[in-house]
Amino acid sequence: METETIWRDVRRDFVLAHGGRWHEGAQATMIGMRTNEWARYMHEDLGVALKETAIADSVVAGVIERLREVPILPGASEALERLGRDFQLGLATSAALPVANAILQRTGWRERFAVVVSADEVGRGKPAPDVYLRALELLDIGADRAVAVEDSSNGIRAASNAQLRVIAVPNREFPPDPQALSLASRTLARLDALDAPLVRSVLAR
């Protein structure tokens, strides 16, 4: 799913409503950050004169409200179904856990994932590898036997830093930068091509 536009809109509206200064690169800067990190950024860099906890609580609530209609990427449900027949699936997300849980509940995808890890549950957000390392630990699998599917620069870097091979499906609104994209083993324009044979071919490299 592509939720970055929702995060951008909620954050931008919140910043402007509270006397802050929004700029075009703000959302791209916050992609991959843990909740306390982007709340601090909104306070210190974007000038929101509220406590970081209040910023985080309000933005997370706003995003959950906007996610009553989850923007599911074409082919996402089918890809999860295909991959789930052959592999254990884990979700390693930068989203706050309440947001991740809301998405999983509203899409009916919770049963698809053996583990769900939010960056808020580990020491560092993406591009640090922590969220992926924790997911691998819970799945009891080595990085050499797993593949990450990512859409952002910091997500690709996080997976690569965890020594995972990466299949990139670039976010349309906030595409990965060329340097990050070069770390991916494969790049797909659509999820239709994401299946078990492709994953196995990437693992074999």
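Within the 4.5 Å cutoff, side-chain heavy atoms of Leu97 are placed close to those of Glu121. Looking at heavy atoms from C-beta onward, Val149 lies in side-chain contact with Val169 at the 4.5 angstrom threshold. At least one side-chain heavy atom of Arg172 sits under 4.5 Å from a side-chain heavy atom of Leu73. The side-chain heavy atoms of Trp7 and Val59, taken from C-beta on, include a pair separated by under 4.5 Å. Using a 4.5 Å cut-off on side-chain heavy atoms (C-beta onward), Glu52 and Tyr41 make no contact. In this structure, Leu91 and Val117 have side chains that are not in contact, with every pair of non-hydrogen atoms separated by 4.5 Å or more. Contact of the Leu89 side chain with the Trp109 side chain is not registered, since no non-hydrogen atoms from C-beta on lie closer than 4.5 Å. A 4.5 Å side-chain heavy-atom check between Ile31 and Arg8 finds every atom pair outside the cut-off.
Under the 4.5 Å side-chain heavy-atom criterion for ILVMFWY residues, no single connected hydrophobic cluster contains both Leu139 and Phe113. Leu191 and Phe87 fall within the same hydrophobic cluster, where Ile, Leu, Val, Met, Phe, Trp and Tyr residues are linked whenever their side-chain heavy atoms come under 4.5 Å apart, directly or through other members. Both Val63 and Ile103 are assigned to one and the same hydrophobic cluster, defined by single-linkage of ILVMFWY side chains at heavy-atom distances under 4.5 Å. Following chains of ILVMFWY side-chain contacts shorter than 4.5 Å, one cannot reach Ile141 starting from Val116, and the two form parts of different hydrophobic clusters. Follow the hydrophobic side-chain contacts under 4.5 Å out from Leu136 and you never reach Val199; the two are in separate clusters.
Between atom CD1 of residue Ile156 and atom CD1 of residue Ile167 there is a gap of 11.5 Å, rounded to the nearest 0.5 Å. Ser94 contributes atom OG, which lies 9.0 Å from atom CG of Asp120 (distance to the nearest 0.5 angstrom). The CG atom of Leu164 sits 9.5 Å away from atom CG of Asp144, with the distance rounded to the nearest 0.5 Å. The structure places CE of Met42 at 12.0 Å from CZ of Arg21, a figure rounded to the nearest 0.5 Å. With rounding to the nearest 0.5 Å, the separation of CZ in Arg165 from CG in Leu203 is 6.0 Å. One distance of note links CD1 of Ile64 with CD1 of Ile6; it measures 11.5 Å at 0.5 Å rounding.
Between Leu104 and Thr107, the shortest heavy-atom distance links the atoms O-OG1, 3.4 Å. For Pro170 against Leu188, the heavy-atom pair with the smallest separation is CD-O, 3.3 Å. Closest heavy-atom contact between Val48 and His43: O-ND1, 2.8 Å. Considering all non-hydrogen atoms of both residues, Ala143 and Ala162 come closest at CB-O, 3.4 Å. In terms of heavy atoms, Val166 sits closest to Ala159 at CG2-CB, 3.6 Å. Minimum heavy-atom separation, Trp38 to Val60: CZ2-CG2, 4.1 Å.
By the neighbour-count criterion of 12 heavy atoms within 6.0 Å, atom CZ of Arg110 is densely surrounded, having more than that number from other residues, nucleotides or ligands. The environment of CD in Glu173 is crowded: more than 12 heavy-atom neighbours from other residues, nucleotides or ligands sit within 6.0 Å. A 6.0 Å sphere centred on CZ of Arg200 holds more than 12 heavy atoms belonging to other residues, nucleotides or ligands. Summarising the local packing, CD of Gln179 is surrounded by 12 or fewer heavy atoms from other residues, nucleotides or ligands at distances under 6.0 Å.
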Is there a side chain to side chain contact (heavy atoms under 4.5 Å, CB included) between Val131 and Thr93 once you walk through the steps?
-> CA-CA 7 Å; Val131 68; Thr93 179; 6.0 Å; no

Asp177 vs Ser153, side chain to side chain contact (heavy atoms under 4.5 Å, CB included): CA-CA, chis, key distance, verdict | CA-CA 6 Å; Asp177 63 69; Ser153 294; 3.0 Å; yes

Between Arg85 and Glu81, is a salt bridge (charged side-chain N to carboxylate O under 4.0 Å, His left out) present by the stated rule, with each step listed?
-> CA-CA 7 Å; Arg85 297 186 196 118; Glu81 183 177 356; 3.7 Å; yes

Under 3.5 Å, sequence neighbours excluded: what are the donor-acceptor pairs made by side chains of residues 10-18?
unit_1, atom_1, unit_2, atom_2, d
Arg11, NH1, Gln27, OE1, 2.9
Arg12, NH2, Asp9, OD1, 3.3
His18, ND1, Phe14, O, 2.9

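Under 4.0 Å is where a charged nitrogen must lie from a carboxylate oxygen, and between Glu37 and Arg40 no such pair does. Between Asp195 and Arg82 no salt bridge is recorded (no basic side-chain N to carboxylate O distance below 4.0 Å).
Without hydrogens or angle criteria, Arg34 side chain to Ala119 main chain gives a donor-acceptor distance under 3.5 Å.
Partner of Glu150 under the salt bridge (charged side-chain N to carboxylate O under 4.0 Å, His left out) criterion, chosen from Lys126, Arg186, Arg157: Lys126.
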